[in-house]
Amino acid sequence: MSTTSTKEEQKTRTSQDTILEVNGLKTYYEDGGLLSSNPVKAVDGVSFDIERGETLGLVGESGCGKSTLGRTLMRLEEATAGEVKLNGTDITTLSGSDLKQFRKDVQMVFQDPDSSLNERMTIGEIVREPLDVHDWKTPQERRERVRELLETVGLQEQHYYRYPHQFSGGQRQRIGIARALALEPDFIILDEPVSALDVSVQAKILNLLEDLQNEFGLTYLFIAHDLAVVRHICDRVAVMYLGNIMEIGPADEMFDEPANPYTHALLSSIPEPDPTIGRDRITLRGTPPSPRDPPAGCPFSTRCPVKIRPESYTDLDTEVWERIEVFREVLRERERASPSVTERVRELLGRETHRSGMDEIVTELFGEIDVPGGVMKHINEAADYAENDDEDAARTYLREEFGSVCDHERPGQLGVGDKGRLSLCHRHETEYEEPSTVFETLVQ
Amino acid sequence: MSTTTETEIPLRQRVAENPQPALIWAAIGAVLIGVELGAILQVVGVLAGVVVNLLPGDPGAAAVQSLQAAVDGIPTLVSRETIANQGYWDGSKYVGTFLGVSPAMAWAVRVVVVYAYAFAVLGWLWNGYKTFRRHYRRVDWTPRDDVVNRFRGHTWGKFGLIITITFVIMAVFAPALGPTTMEKNILQPYDYETSYWNEDTQNVETVLVGEANLGSGSQGAGDENVAPMTYDDYGRFHPFGTATNGKDLFTQLVFGARVSLTIAVVSMGIAGIIGLSLAMITAYYKGLADFAAVLVSDSIQALPVIMVLILMLVVFRGTWVKELYDGAVLIILIFSIVYWPFIWRSIRGPAFQVSEQDWIDAAKSFGQTPSQVMRKHMAPYVFSYMLIYASLSLGGIIISVAGLSYLGLGITAPTPEWGRLIADGQQYVASPSWHISLLPGLLITLVVTGLNAFGDGIRDAIDPQADTGSETEAAAGGGGA
């Protein structure tokens, strides 16, 4: 397709035909209930639009909150804050008959075809159930509709009286799609619809989904972790990390020139089919922070390879800077690990706990490299705090000393390029270097 | 399109297109029902009488009575009248018995006919299921077929099923199985007479049943004992001998089976309904609902069951509740209240497991109501687990009821109860009258073993993974758990 035409199309769409509008959506899981009020921030302030007829891909590592976002849009989870407007109506507060009408307009296709179909019901009953729930026409017409739907998704109508056990994974996913289509929805959330299927079947299901979209003018939110699939099927892509959308924009542009550091790292993890192409992969260090305790500034600041340094340390050796970041990561992990009972007892008895041994960690990290005296002084100070089991103080100390704008301030979604692309990164502000420029220097 | 019509044919038309299997099945059914038509109509008449009694002003009481009278005249195959065993020896031949054979023989014939008839009816029903499955069902395979097939290959389970059926038939056909009746022999023995051949006078004489009973009790001594499979001095045949007071032990046993079975099934049914509903609600809503149910059930489970039973029975002694069905209703209520937490606990796990399945989310996502989600998408998976637990617990209830009666609580005399029979005969265990305690005891053991075997069979059929896993059916019926 030509870039200009899509651009024009999109412009006209943006102005009038937004089907779904999400503003500052938050979904927190409270589980401690009575005692602790430290919820899991699965979706932590997300805003985006979906236009009628387009496919928005939602990608991210497992646990980043993409499925929760989908479930919140479906009203399977209650939103903690923010609004979700479907055709202009906020659906987070719907109830009664309005909610039932909404249930008709939005449908979902689930990831696991084994678990999404009730094994005790025939295929006909499964696909018919949404029609029964909404009292769609007469029972006779419902049966007719089910048979039509089965043919639409590439099954045969004599499958009406079979059970899910008698079908393969791909066929079961087709049944799930038929069920989602039954009520003629405008908008379908596809929650990793092909990730449980064989590769050969994946392509068929994706083609089916595309055909259905063209035939019925459907709008898709396509949740996935397979980037190749997303690139194939999606018009626009949103990249999620730790409950935030890091970057959102047209798929082709984003895949060719990722703006956000996280997208950069994520895309570099796609395996290249051609082994002769030399490619520099960016391996992220550590694991994502706990969604109970996300970083105060940028969500990606704990792992970002191109994090902005404070002015006083811009000239510091990269190696040393790297080690300082690792040290901070270690402290974060130590704080998260709650002490076991034996450790508490040892602590009470005044014995040495396993949690001590800061010296070894410092030696391990900084022993072999040349650390400037000033920096080392701060490190030792923090290590002392940590030695006395006050990781919090140690972390605060290090943040004060080595933290930058990335640690202190949450970045806004800044526009990149001219196609409405947004990226959550301080580096898009004019006073800093663009992430891609810094990546180039890193890779060399 | 041709396939369109193929899948749309209603059952009636499918039968019409291939009527032969259905016709054969229906013909056999007509014969089986026909021979017992009188009995079925009698039950209808009795029910109609009950309804009329309950209505204010007893409308149509006369009509119901004439109906009952008319129905009583219809001969039925399995009845005391058709195969009579209560006759007497007039010095040269038996009078009043079936074809003039001995009372023992006539009784044996009737027992065989009763069981043959009952098993024929069950066989007919099973055959009906198979006929439907082979010829008329639209679906050529269901997950339940695998369960049925697995159970058919389960010898221990089938043994349990046969024992259970035998026990149920005993309870259902109790009036026809006993050599005498409750009314004549046990409840109103002084209102009826019996004829017998007096050896001394060489004459047929009559005596009140009550007096005859006094002369034929089993009290341990050689001359005061009527052993199993013998006649007493009045020419009456006693398959299981007599009790201490001379009443027929077998008659008491079959009627005792009725009481035990009613209590066990009804209280398990009530407890099951409570347990299943709660399991659905707690698994669907989780959180506070679950917490409340845990609290209540823990409180109930903390009470020792037997203590509660004894206490409640003592507390309610002399009230109208205790009068209903000789105290069985009270026992049923207590068992239901005490047993539901056990059922709920045992199916809570499977219910929670099912509630995590995606198809529940799918149903919610297109707006299915909670009650329908519970009924259509959760209950079928949990119900089988409840069935296992209930069938395993039935035996426990039967033992508990017997235990209560043994202690002199529970079912009020003269309604027969197995536990009371055991208690009555306890002091004669080491005497010639050993049969009074031993035979009811053996029957309890057999029935409880049978029920447990049946429960094992269901469990292995539903959840083959719980077994050693010799079956490798691709489709597991209990796949949800």
Side-chain angles (χ1 to χ4, degrees), chain A residues 31 33 70-71 74-77 97 99-126 129-134 140 143-144 146-148 150-151 156-166 176 179-180 182-183 185 189 191, chain B residues 1-10 14 136-147 286-288 290-291 353-384 462 473-481:
Chain A
D31 51 36
R71 291 173 58 86
M74 259 334 279
R75 277 292 299 270
L76 289 173
E77 307 287 345
S97 58
L99 181 62
K100 200 164 181 187
Q101 180 58 41
F102 160 73
R103 295 265 182 239
K104 216 172 156 181
D105 294 340
V106 182
Q107 296 295 320
M108 190 161 184
V109 175
F110 291 84
Q111 173 179 9
D112 182 0
D114 285 336
S115 158
S116 62
L117 306 178
N118 186 344
E119 295 150 14
R120 303 279 171 102
M121 289 164 73
T122 62
I123 302 314
E125 287 165 346
I126 290 172
E129 202 185 352
L131 300 172
D132 290 338
V133 169
H134 290 272
Q140 174 71 31
R143 282 196 292 274
E144 212 111 293
V146 171
R147 274 191 294 276
E148 272 169 34
L150 290 179
E151 266 186 20
Q156 285 145 26
E157 48 185 316
Q158 54 262 44
H159 290 157
Y160 194 104
Y161 293 109
R162 301 256 173 94
Y163 282 86
H165 266 308
Q166 295 163 295
R179 175 175 60 187
L183 289 166
I189 296 176
D191 188 1
Chain B
M1 208 190 284
S2 63
T3 45
T4 310
T5 46
E6 198 180 298
T7 50
E8 259 307 293
I9 307 167
R14 276 177 277 147
Y136 302 115
R137 196 170 65 182
R138 270 193 282 227
V139 184
D140 54 4
W141 175 88
T142 81
R144 232 169 274 278
D145 289 0
D146 283 1
V147 175
K286 306 190 172 73
L288 200 62
D290 188 45
F291 183 65
Q353 241 171 350
V354 171
S355 74
E356 294 299 322
Q357 295 285 349
D358 277 350
W359 68 71
I360 306 287
D361 276 337
K364 285 182 195 170
S365 78
F366 53 70
Q368 187 59 283
T369 57
S371 70
Q372 281 293 325
V373 171
M374 292 181 211
R375 212 171 308 156
K376 281 175 86 172
H377 298 293
M378 290 167 68
Y381 291 86
V382 180
F383 185 77
S384 34
I462 286 167
E473 300 265 10

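Chain naming here is simple, since letters A, B, ... match the order of the sequence lines and numbering starts at 1 in each. As the structure is a computational prediction, the values presented were derived from the model and not from experiment.
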*Under the side-chain contact (heavy atoms from CB on, under 4.5 Å) rule, what do Q368(B) and R103(A) come out as? Steps first, then yes or no, please.*
CA-CA 9 Å; Q368(B) 187 59 283; R103(A) 295 265 182 239; over 6 Å; no
_Taking R120(A)'s backbone N and O only, do any of them form a donor-acceptor pair with Y381(B)'s side chain (distance below 3.5 Å, no angle check)?_
yes
*Out of curiosity, Y163(A) OH to D140(B) CG, how far, rounded to the nearest 0.5 Å?*
10.5 Å
*asked:* Can a donor-acceptor pair be found, under 3.5 Å and without considering hydrogens, that links the side chain of H134(A) to the backbone of G367(B)?
replied: no
_What verdict does the side-chain contact (heavy atoms from CB on, under 4.5 Å) test give for K364(B) and R75(A), after you've listed the backbone C-alpha separation in whole Å, the side-chain angles of each residue and the deciding distance to 0.1 Å?_
CA-CA 9 Å; K364(B) 285 182 195 170; R75(A) 277 292 299 270; over 6 Å; no
*So do the side chains of Q372(B) and E129(A) get within less than 4.5 Å of each other, counting heavy atoms only?*
no
_Approximate separation, where rounding is to 0.5 Å, of N118(A) CG and M378(B) CE_ = 11.5 Å
*More than 12 non-hydrogen atoms from neighbouring residues, nucleotides or ligands closer than 6.0 Å to CZ on F383(B), yes or no?*
no
*Which pair of non-hydrogen atoms, one from A362(B) and one from S116(A), has the smallest distance, and what is that distance?*
CB-O, 4.3 Å
_Choice from Q111(A), R71(A), E125(A) maximising heavy atom contacts with chain B below 4.5 Å_ = R71(A)
_Option in K100(A), Q156(A), K104(A), Q107(A) with maximal non-hydrogen atom pairs under 4.5 Å from chain B_ = Q107(A)
_Residue T122(A) versus chain B: region with a heavy atom under 4.5 Å_ = side chain
*asked:* Restricting to non-hydrogen atoms, name the atom on S115(A) and the atom on D358(B) that form the minimum distance, rounded to 0.1 Å.
replied: OG-N, 2.8 Å
*Are any side-chain N or O atoms of D361(B) and backbone N or O atoms of L76(A), one a donor and one an acceptor, separated by less than 3.5 Å?*
no
*Verdict with supporting geometry, W359(B) and E119(A), side-chain contact (heavy atoms from CB on, under 4.5 Å)*: CA-CA 9 Å; W359(B) 68 71; E119(A) 295 150 14; 4.2 Å; yes
*Which bit of V109(A) is near chain B, if near means a heavy-atom gap under 4.5 Å: side chain, backbone, both or neither?*
neither
*Mind checking the OH-CZ spacing from Y161(A) to R137(B)? Nearest 0.5 Å is all I need.*
13.0 Å
